[in-house]
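Structure record follows, encoded as structure tokens.
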Amino acid sequence: EGPVTPETPNIETTVRGHIYGVDKNWEEKGISDIKIKVSEYLRYQNGFPNTSTYEFIQFVDSTFTDENGDYNLSFSTTGEGSNYFIEIVEPSGYHFFTQKKEIDSLGKRNTIQDIQCRILYPVELQIETGDITTYPILLRNHNYWGSFHPDTLKNPGIHNLVTWGLGQNE
């Protein structure tokens, strides 16, 4: 029980990978300008077998994907954390299936399995509440991938909302 021993400081590690999106036609394409961060955590052993918790320490470096969706990033361990991850900063218009992956081999060149996202498109809605007398109303847009963007209607009238969807008007 308690924290595990942090990694030795100044272990130089390289991480590279590819981020791609799937559009409305299920076509894959590399996604540029996605921010990738390397995060450092300290792992704590719990009292139960094979269970751990992680305490965030800091972000140690970052980069952006190039025009083909590729990234290549070198960083050094700080000596404060035991586990390192790549994390994706999800911009509007994309839904990532995975936002964090552990870097398994410190001190080596790591290739992270490709990370897929779904390209979303803005959807404008106009909702008229009519004779509804009980407020607030919570709306949820559950797209195929399970994410939602809640909007609450607090009074009667016509409400214009923008959310994200999987298709696009032609």
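Nearest heavy-atom pair, Gly21 versus Ile31, reported as atom, atom and distance to 0.1 Å: N-CG1, 3.4 Å. Ser39 approaches Phe56 most closely through the heavy-atom pair CB-CE1, 4.0 Å. Closest heavy-atom contact between Gly79 and Pro6: O-CB, 3.3 Å. Scanning both residues, Ser32 and Glu67, for their nearest heavy atoms gives CB-CA, 3.7 Å.
Under the 4.5 Å side-chain heavy-atom criterion for grouping Ile, Leu, Val, Met, Phe, Trp and Tyr, Tyr71 is connected to Tyr84 within one hydrophobic cluster. Under a hydrophobic-cluster definition in which Ile, Leu, Val, Met, Phe, Trp and Tyr are linked whenever side-chain heavy atoms come within less than 4.5 Å, directly or via other members, Leu106 and Val38 are assigned to the same cluster.
Within 6.0 Å of atom NZ in Lys100, more than 12 heavy atoms from other residues, nucleotides or ligands are found, so the atom counts as buried in its surroundings.
Judged as a ring pair (Phe, Tyr, Trp, His ring centres under 6.0 Å), and not counting sequence neighbours, the contacts of Tyr54 are Phe85.
Here the CG atom belonging to Asn83 is positioned 12.0 Å from the CD atom belonging to Glu55, to the nearest 0.5 angstrom. Of the inter-residue distances, the one linking Thr78 atom OG1 with Ile11 atom CD1 reads 10.0 Å to the nearest 0.5 angstrom. Taken from NZ in Lys35 to OG1 in Thr63, the straight-line distance is 9.5 Å, to the nearest 0.5 Å. In this structure, Gln99 CD and Lys101 NZ are separated by 12.0 Å, a value rounded to the nearest 0.5 Å.
The shortest distance between side-chain heavy atoms of Ile86 and Ile103 falls below 4.5 Å. Counting heavy atoms from C-beta on, the side chains of Val89 and Phe64 never come closer than 4.5 Å. With a 4.5 Å cut-off on side-chain heavy atoms, Phe75 and Glu40 do not count as touching.
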Run the side-chain donor-acceptor check on residues 12-19: report pairs under 3.5 Å with partners two or more places apart or on a different chain.
unit_1, atom_1, unit_2, atom_2, d
Glu12, OE1, Ser76, OG, 2.8
Thr13, OG1, Gly107, N, 2.7
Thr14, OG1, Ser74, OG, 3.0
Arg16, NE, Thr111, OG1, 3.0
Arg16, NH2, Thr111, OG1, 3.3
His18, ND1, Asn68, O, 3.4
His18, ND1, Asp70, OD1, 2.7

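Between the side chains of Thr77 and Glu7, no donor-acceptor pair of N or O atoms lies under 3.5 Å.
Cluster partners of Ile57, using a side-chain heavy-atom cutoff of under 4.5 Å among ILVMFWY residues and allowing indirect links, are Leu42, Tyr44.
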